[in-house]
Student: 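Starting off with a structure, shown below.
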Amino acid sequence: MFVNTSFSFIKRIANIIGKNYNNSGLLPCQKWTNFCTSSCLNSSIGDEYLGSSSRQSGFTPRRAVLYVPASEQNKLEKLKGLAVDCAVMDCEDGVSINRKDVARENIRMALDSLSAPGVTDLAVRINAMDSGIAADDLAVIYKASNLPKTVMLPKVNSKGDLHLFSEMFVDILKTRQCPDYKAKLVIFVESAIGLLNLRDILAEGIELSKTVPFHLEGVVFGSDDFCADIGASRTEDAKELLYARQKVVLTAKAFELQAVDLVHINFRDLESLEKQSLEGAGMGFTGKQVIHPSQVYIVQKAFSPSADKVEWAQELIKAFEDHERLGKGAMTFRGSMIDMPLVLQARNILRLVNMSDDATQR
Ligand code: COA
Ligand code: MG
């Protein structure tokens, strides 16, 4: 497995990122050397890139989570040429109330016929449990022959919301013959009460994942709804959200889930997007919400392991495997004692790299 030299391996990673950049068709290509010499990526190593699913098969990276208002057919069509970890066909706040039916129908058709080879996770965001229209969303979307891989559930304020969703979800699946289907579930925390309840919500989500056909994988911080809820005003450096962001990361990571950071709403300002993305990655978020295709590359790069980290991971795993073959006990690597969590973190980094590779080769 590790026949590549460090150099060629790193070059391959950089090429992957460069390829993503090109595929967006929105920004000029960046040479791999820029990526390799970039010093501004995550400074810590391992699970923080990935979340819980890193420990499981079927890992779905969600470095950039791109919203696409599903009422807008031209934007859905745009997905054919984009390379992005996660594209969310949105029925919720990106769609006006009088266009919800169009959005649902577009999603149903897109699930069955839209070819978006550069999108790793073509997800669906339904309306919130208290909207009164979530069941209508599911009723239309789950008529598709290809069921959504990921369902996103906004405005989860309590365990009760998750229970309601579970019941609704089980009911809708009764209309289908799909015994092996298990959706990936990503929930949103976007209110003061939701944030206070987040620990209970996630614990419940993990319990429900054992019996209901979904698997809780992540939490998205709905920053603008959260600001509105607590009466905060958004500032350039988002200092009013610092506590909430840290709490979201802390709680998600306690349950080994992905944590997706706030939207950078001033989408034309890519410099400040990069700054905020790196800050989020440094705080431990695994990804970030985006609203425009031009934001994808910068965000995915910020939430990718740096070339240094990839090299570290590759060499550590090689040393570990050599060590195991010899049947020795504790091992040291680059002067530090290596334990199993570090080995797992190194494997996660390499898995993320391989996932990115798959996503661009499809
Ligand atoms: N998904 C897919 N394609 C998108 C897109 C998105 N989120 N945002 C823009 N595009 C497309 C446009 O349709 C346009 O395509 P074209 O060149 O083929 O006409 C191209 O990218 C360039 O778009 P641009 O003209 O720069 O932006 P815009 O004025 O069309 O759209 C927004 C700006 C903010 C309205 C748009 O990006 C958007 O709708 N974002 C999502 C907002 C959302 O969902 N909010 C709720 C969740 S926070
Ligand atoms: Mg919201």
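Side-chain atoms are counted along with the backbone in the values below, which use heavy atoms only and exclude waters and symmetry mates. Indexing begins at 1, ligand by ligand and atom by atom, following the structure's order.
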Student: Considering K75, E77, K78, H292 one by one, which has a heavy atom nearer to atom 16 (P) of ligand 1 than any of the others?
Tutor: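 Ranked by closest heavy atom to atom 16 (P) of ligand 1, first place is K78.
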Student: Counting from 1, what ligand 1 atoms have a heavy atom of F267 closer than 4.0 Å?
Tutor: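 In order of numbering, the contacting atoms are 33 (C), 34 (C).
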Student: What are the atoms of ligand 1, with element, lying closer than 4.0 Å to any heavy atom of V68?
Tutor: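 With V68 as reference, the close atoms of ligand 1 come out as 1 (N).
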Student: Below 4.0 Å from any atom of ligand 1, is there a heavy atom belonging to R268?
Tutor: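 Checking ligand 1 against R268, which is what was asked, there is a heavy-atom contact under 4.0 Å.
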Student: Classify the ring geometry of W312 against F333: parallel below 30°, tilted from 30° to 60°, perpendicular beyond 60°.
Tutor: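 Ring orientation of W312 relative to F333: perpendicular.
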Student: Does the N or O separation between R125 and ligand 1 drop below 3.5 Å for any pair?
Tutor: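 Min N/O separation from ligand 1 is not below 3.5 Å for R125.
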Student: Given that the side chain starts at C-beta and the backbone is N, CA, C, O, which of these parts of P293 lies under 4.0 Å from ligand 1, counting heavy atoms, or is it both or neither?
Tutor: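 Just the side chain.
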Student: Please calculate the OE1(E190)-the Mg ion (ligand 2)-OD2(D225) angle and round it to 10 degrees.
Tutor: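 Rounded to 10°, it measures 90°.
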Student: For S191 and N157, does a side-chain donor sit closer than 3.5 Å to a side-chain acceptor?
Tutor: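 Yes, N157 and S191 have a side-chain donor paired with an acceptor closer than 3.5 Å.
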Student: Parallel, tilted or perpendicular for F188 and Y67, by the 30°/60° rule?
Tutor: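 Judged by the thresholds at 30° and 60°, the geometry between F188 and Y67 is tilted.
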Student: Which label fits F169 and Y181: parallel for a plane angle under 30°, tilted from 30 to 60°, or perpendicular past 60°?
Tutor: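 Answer is tilted, since the angle falls between 30° and 60°.
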Student: Could you report the tightest heavy-atom contact between S223 and L241, atom names first, then the distance?
Tutor: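 Where S223 meets L241 most closely, the heavy atoms are CB-CD1, 3.8 Å.
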Student: Would you check, one step at a time, whether the test ring pair (Phe, Tyr, Trp, His ring centres under 6.0 Å) holds for F285 with F221?
Tutor: CA-CA 10 Å; F285 282 97; F221 177 44; 7.4 Å; no
Student: Is the contact between N74 and ligand 1 made by the side chain, the backbone, both, or neither, using heavy atoms and a 4.0 Å cut-off?
Tutor: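 Within the 4.0 Å criterion, N74 contacts ligand 1 through side-chain atoms alone.
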Student: Kindly confirm or rule out an N or O of G94 lying under 3.5 angstrom from an N or O of ligand 1.
Tutor: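 G94 vs ligand 1: no N/O contact under 3.5 Å.
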Student: Using a distance-only test with no angle check, is there a side-chain donor-acceptor pair under 3.5 angstrom linking T60 and D121?
Tutor: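 Distance-only check fails for T60 and D121.
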